[in-house]
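Excluded from the calculations below are hydrogen atoms, water molecules and symmetry mates; all remaining heavy atoms, backbone and side chain alike, are included. Quick caveat, the model's predicted, so the values are computed rather than measured.
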Amino acid sequence: MKRIWLMALLAAAGSACGELSNDDLVFLRGVPSKEELSIDVAPAAGNPNALMADVGEPSQFYADAFAASEDTNGKVAAILDFVDSIGKGYPPTTREKNRRVWGPFNDRDRRTIRFEVRREGTSFRYCLHVGREEDVTGEPTCDDIPGAFGMNAILYGTYSPRFAGAGASQSDGDVTFDFEAAFQRAFGEDRGKLVITHAYADDGATKNITISADRPQIGLQPAAHVAYTYARDVDGRVLFSLDLPGDFIDATPIPEQLQIDACWREGGIGRADVVISGGDLTGRSPATAVECWGTTHLRTYASFTIPDFPLYDLSEGDITACPTPTCE
């Protein structure tokens with residue numbers, strides 16, 4: 001996301017008290033942190049190839065999990081960093097018992113920005129609206145989702161934290177990142193929508209995240225839907241599922257659908273069980289794959305099976321090197 005310079009906001013801050021009250025900070029803690037929403041997958045090694053069963057090569061399906069987590073984490077961090085810069089950098093323009101509002105303000109590129117946090121019992125509701133200055137006819141609130149008055153909500157959600165010290169030791173909630181609305185308001189270059197539900201406990205040792213991502217058709221690139229889940233327990237076991245389209249069998253450019261169910265223990269061995277369907281396999285049995293890796297994410301076992309085309313079946317390594325499908 002492009003950096004936003006809030007010239008009007010700077011001017012307003014210069015004439016205000018320039019400080020946040022303790023209660024202001026409570027409202028700012030009503031938005032989940034990057035840590036609570038992050039998918040924690042250690043970097044993958046090398047340049048893997050999923051359809052080659054070479055033991056000792058980097059794991060393809062672990063690399064897919066890492067790539068998905070990096071892409072999502074980067075997009076989430078960009079908007080949360082921006083929200084943090086507004087909330088901590090400048091005093092609210094509206095202070096009420098159960099509500100804080102920053103803005104609306106115009107930046108130097110003639111975009112109008114408004115950020116609101118509401119306290120609802122022990123939970124919070126928040127929203128970030130943007131619009132082109134010439135289109136704005138009024139001031140929306142968090143009741144105006146996806147938007148009104150010429151502005152669109154590009155971030156909104158609910159959050160229920162339980163605090164211990166400076167940060168939330170437990171929390172849950174849901175958040176929508178509407179990159180498509182931001183793109184339409186000239187507030188970024190990413191496309192589509194990302195919806196995250198999250199539950200965070202044990203100071204982050206336990207984490208459950210479910211993600212749904214939709215991308216619109218762009219030129220000749222078709223619309224796409226990606227869904228995945230990440231669950232880490234207090235013992236460091238990770239269960240990861242990823243459902244996404246892609247041209248995994250290259251007989252034709254028609255994409256297949258890939259379903260990965262993977263598990264690993266942090267710093268330990270892992271396994272992915274995979275089903276590939278549709279595309280070049282339309283009307284035929286799905287292809288399946290099993291891939292296992294060691295502590296350095298290199299393959300210890302790999303197999304690829306196409307029931308209708310057994311000539312192309314591949315297998316290498318010893319499956320006894322694999323953990324169970326749930327890494328128990």
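Side-chain atoms of Asp40 and Ser38 include a donor-acceptor pair closer than 3.5 Å. Defined by atom type and a distance below 3.5 Å, a donor-acceptor pair is present between the side-chain atoms of Thr320 and Asp318. For the residue pair Thr197 and Asp174, no side-chain donor N or O sits within less than 3.5 Å of a side-chain acceptor on the partner. Ser123 and Glu120 share no donor-acceptor pair across their side chains, judged by distance under 3.5 Å alone. Side-chain polar atoms of Thr112 and Asn106 form a donor-acceptor pair below 3.5 angstrom.
Scanning all heavy atoms of the two residues, the minimum distance from Ile254 to Gly279 falls at CG2-CA, 3.5 Å. Shortest non-hydrogen contact noted between Cys127 and Thr141 is SG-C, 4.0 Å. Closest non-hydrogen pair, Pro286 versus Ser277, comes out as CB-CB, 4.3 Å. What you find for Ile260 and Ala272 is that their closest heavy atoms are CG2-CB, 4.1 Å. Heavy-atom minimum distance, Leu37 versus Ile209: O-CD1, 3.5 Å. Minimum heavy-atom separation, Ile269 to Pro323: CD1-CD, 3.9 Å.
A distance of 10.0 Å separates OG in Ser171 from CD in Glu35, rounded to the nearest 0.5 Å. Rounding to the nearest 0.5 angstrom, the gap separating the CG atom in Leu239 from the CD atom in Glu328 is 8.5 Å. Atom CG of Asp214 is separated from atom NE2 of His225 by 5.5 Å, given to the nearest 0.5 angstrom. Rounding to the nearest 0.5 angstrom, the gap separating the CG atom in Asn98 from the CZ atom in Phe124 is 9.0 Å. Residue Leu244 holds its CG atom at 6.5 Å from CD of Gln257, rounded to the nearest 0.5 Å. Here the straight-line distance linking atom CD1 of Ile154 with atom CG of Asp190 works out to 11.0 Å at 0.5 Å rounding.
Side-chain atoms of Phe105 and Ile86, non-hydrogen and from C-beta on, never get closer than 4.5 Å to each other. Pro58 is listed as a side-chain neighbour of Leu298, based on a closest heavy-atom distance under 4.5 Å. Inter-residue side-chain proximity for Tyr126 and Arg100 is flagged as unmet; no heavy-atom pair is nearer than 4.5 Å. Looking only at side-chain heavy atoms (C-beta outward), Val41 and Trp264 come within less than 4.5 Å of each other. Put simply, the side chain of Ile211 does not reach to within 4.5 Å of the side chain of Tyr230, judged on heavy atoms. Residues Pro216 and Glu180 form a side-chain contact, since some pair of their non-hydrogen atoms from C-beta on lies under 4.5 Å apart. Counting heavy atoms from C-beta outward, Met151 and Asp144 have side chains that stay 4.5 Å or more apart. No side-chain heavy atom of Thr94 sits under 4.5 Å from any side-chain heavy atom of Glu116.
Of the possible polar contacts, one joining the Arg162 side chain to the Ser160 backbone as a donor-acceptor pair under 3.5 Å is found. Looking only at distances, no side-chain donor or acceptor of Arg111 sits under 3.5 Å from a matching main-chain atom of Val130. Between the side chain of Arg119 and the main chain of Lys97, a donor-acceptor pair closer than 3.5 Å is present. Formation of a donor-acceptor pair under 3.5 Å by the Thr176 side chain with backbone atoms of Gly157 is not found in this model. Glu256 places no side-chain N or O within 3.5 Å of a backbone atom of Ile276 that could act as its donor or acceptor partner. Of the possible polar contacts, none joining the Arg191 side chain to the Gln217 backbone as a donor-acceptor pair under 3.5 Å is found. Checking side-chain atoms of Gln60 against main-chain N and O of Tyr62 turns up no donor-acceptor pair under 3.5 Å. A donor-acceptor pair under 3.5 Å is absent between the side-chain atoms of Thr158 and the main chain of Gly173, judged by distance alone. At distances below 3.5 Å, not a single donor-acceptor pair connects side-chain atoms of Asp235 with backbone N or O atoms of Arg237. Put simply, the side chain of Arg132 never gets that close to the backbone of Arg110: no donor and acceptor are under 3.5 Å apart.
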**Study point:** Chi angles and distances behind the salt bridge (charged side-chain N to carboxylate O under 4.0 Å, His left out) call for Arg271, Asp261
**Key:** CA-CA 8 Å; Arg271 171 177 177 151; Asp261 289 299; over 6 Å; no
**Study point:** Derivation and outcome, side-chain contact (heavy atoms from CB on, under 4.5 Å), residues Leu28 and Leu20
**Key:** CA-CA 10 Å; Leu28 288 179; Leu20 298 175; 3.9 Å; yes
Review point. Between Asp143 and Arg125, is a salt bridge (charged side-chain N to carboxylate O under 4.0 Å, His left out) present by the stated rule, with each step listed?
Key: CA-CA 10 Å; Asp143 294 322; Arg125 186 179 177 197; 3.2 Å; yes
Exercise for review: Determine, stepwise, if the pair Ile145 / His129 fulfils side-chain contact (heavy atoms from CB on, under 4.5 Å).
Suggested key: CA-CA 9 Å; Ile145 302 296; His129 282 80; 4.3 Å; yes
Practice item. Could you go through the side-chain contact (heavy atoms from CB on, under 4.5 Å) check for Leu128 and Ile113 one step at a time? Key: CA-CA 7 Å; Leu128 173 66; Ile113 300 154; 3.9 Å; yes
Check your understanding: Glu316 and Arg299: side-chain contact (heavy atoms from CB on, under 4.5 Å), yes or no, with the steps?
Key -> CA-CA 10 Å; Glu316 185 175 339; Arg299 289 188 183 114; over 6 Å; no
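Tyr156 and Phe179 are members of different hydrophobic clusters when ILVMFWY side chains are connected at heavy-atom separations under 4.5 Å. Val83 and Val117 end up in the same hydrophobic cluster when Ile, Leu, Val, Met, Phe, Trp and Tyr side chains are linked at under 4.5 Å. In the hydrophobic cluster analysis, where Ile, Leu, Val, Met, Phe, Trp and Tyr join through side-chain heavy atoms closer than 4.5 angstrom, Val238 is grouped together with Phe66. In this structure, Trp102 is not a member of the same hydrophobic cluster as Val136, with clusters built from ILVMFWY side-chain heavy atoms closer than 4.5 Å. In the hydrophobic clustering of ILVMFWY residues, with side-chain heavy atoms under 4.5 Å counting as a link, Val175 and Phe82 come out together.
For Lys75 and Phe177, the positive end is not near the middle of the six-membered ring at less than 6.0 Å and at most 45° from its axis.
Residues in residues 235-280 take part in these disulfide bond (SG atoms under 2.5 Å apart) pairs, two or more places apart or across chains: Cys263-Cys327. Screening residues 218-227 for salt bridge (Lys or Arg N to Asp or Glu O under 4.0 Å), with sequence neighbours left out, gives no hits.
Here Arg185 does not pair with Asp178 in a salt bridge; the nearest charged N to carboxylate O distance is not below 4.0 Å.
You'll find the ring centres of Phe115 and Tyr90 outside the 6.0 Å limit.
In this structure Asp84 satisfies the side-chain hydrogen bond (donor to acceptor under 3.5 Å, both in side chains) test together with Lys88, sequence neighbours excluded.
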